[in-house]
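The structure appears right after this line, and notes come after that.
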Amino acid sequence: MTASFAFPPRGFGPGSMPPDNEEGLQYLAMPSGVHVYAAHTPEIDDPARVRPAIGLLEQVRDLARAWTPGHSTIVRRAGLDAASQAVFDDALGEGEVSIVLEDAAGRIEVQESVFAGVWSLRARAHGAGEAGAVREQVEIAAFPRVILSRAFPARGPAPDMADHVTPGVVNAPAVLTELCDHAARWRPGVPAHVVNLSLLPHTPEDLDMIARVLGRGHATILSRGYGNCRIEATGTPHVWRVRYYNSMDTLILDTIEVTDVPEVACAAREDIADSATRLAEICTALAAVEPPA
């Protein structure tokens with residue numbers, strides 16, 4: 001068949017070849033920093049020396065296997081020497097979710113392990129002194145209960161919207177009325193109510209008024225997966241500010257949720273079941289380590 005000359009041959013014309021001063025095509029940087037699970041077994045020389053750590057890992061494994069939704073189990077980290085603590089911490093590793101809570105009673109730092117639903121907690125009471133002031137434990141739960149019990153200040157009287165309206169405020173009173181109404185009617189098991197500020201017309205003055213009226217709570221959560229999600233408890237019970245950032249640290253979604261705790265920070269039932277399986281693999285590998293001759 002004779003080739004048609006109605007169109008120029010492919011590979012010719014402007015844009016078909018890179019400029020002389022460039023080395024091939026230039027692509028935008030792809031998103032990075034996604035956290036994924038990777039199996040890791042701590043290196044130990046003598047299993048007998050770190051038997052307390054192995055026993056504690058086996059206890060966490062058994063509790064994860066027996067876990068049921070809505071429940072929480074706490075394991076005290078007591079009686080571990082430095083070597084056992086190092087092995088136990090190395091086995092748990094660091095997962096996606098970190099939490100800091102600070103109120104009048106003290107400070108709690110929580111780090112999810114690489115096993116979803118297994119949380120390491122470190123609590124320090126204010127004014128208790130250095131000796132014996134720190135409490136360390138492991139909790140198996142969808143989300144640490146101690147954080148939920150202290151994330152919000154005591155409920156106060158309903159705010160008067162008129163006292164906070166300033167020039168430039170447009171939609172804040174309507175948004176706050178909606179949020180406060182859902183927060184007052186919230187009950188366990190009720191689906192989350194979400195206000196998407198990214199899609200809602202608002203002014204900077206609206207955001208300032210929303211922040212002032214809702215107030216500040218005691219807990220901050222950072223979930224690192226595909227980019228980052230920053231979750232802050234407000235001063236209004238069951239109301240959370242949830243902001244999503246991409247891997248370039250650009251805000252891509254700004255929401256306010258009325259819920260027990262935002263789902264993005266929680267471990268699902270399937271996650272905890274998978275964590276129990278992975279913990280069993282680690283425990284089996286550690287138990288198979290031969291003692292030194």
Side-chain angles (χ1 to χ4, degrees), residues 35-68 71-102 105-126 128-147 149-150 221-224 265-267 271-293:
H35 290 246
V36 295
Y37 171 78
H40 170 70
T41 303
E43 295 183 4
I44 57 176
D45 298 325
D46 186 357
R49 287 193 58 214
V50 294
R51 183 60 207 174
I54 299 175
L56 189 57
L57 284 170
E58 292 172 343
Q59 184 180 0
V60 173
R61 172 204 62 194
D62 294 340
L63 292 172
R65 283 173 171 170
W67 181 85
T68 55
H71 291 80
S72 171
T73 307
I74 292 176
V75 180
R76 305 290 182 186
R77 290 187 52 168
L80 297 183
D81 58 17
S84 291
Q85 287 185 15
V87 169
F88 186 75
D89 290 336
D90 189 21
L92 290 187
E94 291 190 1
E96 294 183 354
V97 182
S98 303
I99 310 167
V100 174
L101 181 146
E102 189 152 13
R107 178 183 175 90
I108 301 176
E109 299 174 356
V110 182
Q111 176 62 57
E112 187 181 32
S113 71
V114 295
F115 308 102
V118 179
W119 310 82
S120 292
L121 292 84
R122 181 183 178 90
R124 180 185 294 275
H126 288 323
E130 293 297 326
V134 177
R135 184 179 77 252
E136 292 185 292
Q137 61 192 39
V138 175
E139 183 172 354
I140 297 92
F143 189 83
R145 284 197 172 183
V146 66
I147 300 297
S149 66
R150 293 167 55 180
I221 308 168
L222 179 63
S223 178
R224 300 176 297 273
C266 299
D271 295 331
I272 298 180
D274 190 47
S275 294
T277 300
R278 293 170 174 174
L279 280 164
E281 295 171 354
I282 297 295
C283 291
T284 300
L286 292 177
V289 176
E290 296 290 338

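What you are looking at is a predicted structure, and each value in this text was computed from that prediction instead of being measured.
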Looking only at heavy atoms, what is the nearest atom pair of Arg76 and Arg135, with distance? NH1-CD, 3.4 Å

Side-chain (Ser84) to main-chain (Asp81) donor-acceptor, under 3.5 angstrom: no

Atom pairs and distances, donor-acceptor, side-chain atoms in residues 111-118, under 3.5 Å, two or more places apart:
| from | atom 1 | to | atom 2 | distance (Å) |
| --- | --- | --- | --- | --- |
| Gln111 | OE1 | Ser98 | OG | 2.7 |
| Gln111 | NE2 | Gly95 | O | 3.3 |
| Gln111 | NE2 | Val97 | O | 3.3 |
| Glu112 | OE2 | Gly117 | N | 3.2 |
| Ser113 | OG | Phe115 | N | 3.0 |
| Ser113 | OG | Phe115 | O | 3.0 |
| Ser113 | OG | Val118 | O | 3.0 |

Could you tell me the separation between the CD atom of Glu136 and the CG atom of Asp89, rounded to the nearest 0.5 Å? 7.5 Å

Suppose we screen for ring pair (Phe, Tyr, Trp, His ring centres under 6.0 Å). Which residues come up paired with Phe143, at least two apart in sequence or across chains? Trp119

More than 12 heavy atoms of other residues, nucleotides or ligands under 6.0 Å from CZ of Arg122: yes or no? no

Report the C-alpha separation of Ile147 and Leu121 in whole Å, then their side-chain angles, then the decisive distance to 0.1 Å, and conclude whether the side chain to side chain contact (heavy atoms under 4.5 Å, CB included) test is met. CA-CA 10 Å; Ile147 300 297; Leu121 292 84; 5.6 Å; no

Atom pair CZ/CD of Arg107 and Glu102 - distance to nearest 0.5 Å: 5.0 Å

Please output the side-chain donor-acceptor pairs of residues 49-64 that fall under 3.5 Å, not counting sequence neighbours, one pair per line with the distance.
| from | atom 1 | to | atom 2 | distance (Å) |
| --- | --- | --- | --- | --- |
| Arg51 | NH2 | Glu58 | OE1 | 3.0 |

Rounded to the nearest 0.5 Å, how far does CD1 of Ile272 lie from CH2 of Trp67? 3.5 Å

Taken to the nearest 0.5 Å, the spacing of Leu92 CG from Ile282 CD1 works out to 10.0 Å

Output for pair (Glu96 CD, Leu222 CG), nearest 0.5 Å, gives 10.0 Å

Arg145 side, atom CZ; Thr73 side, atom OG1 - distance, nearest 0.5 Å: 9.0 Å

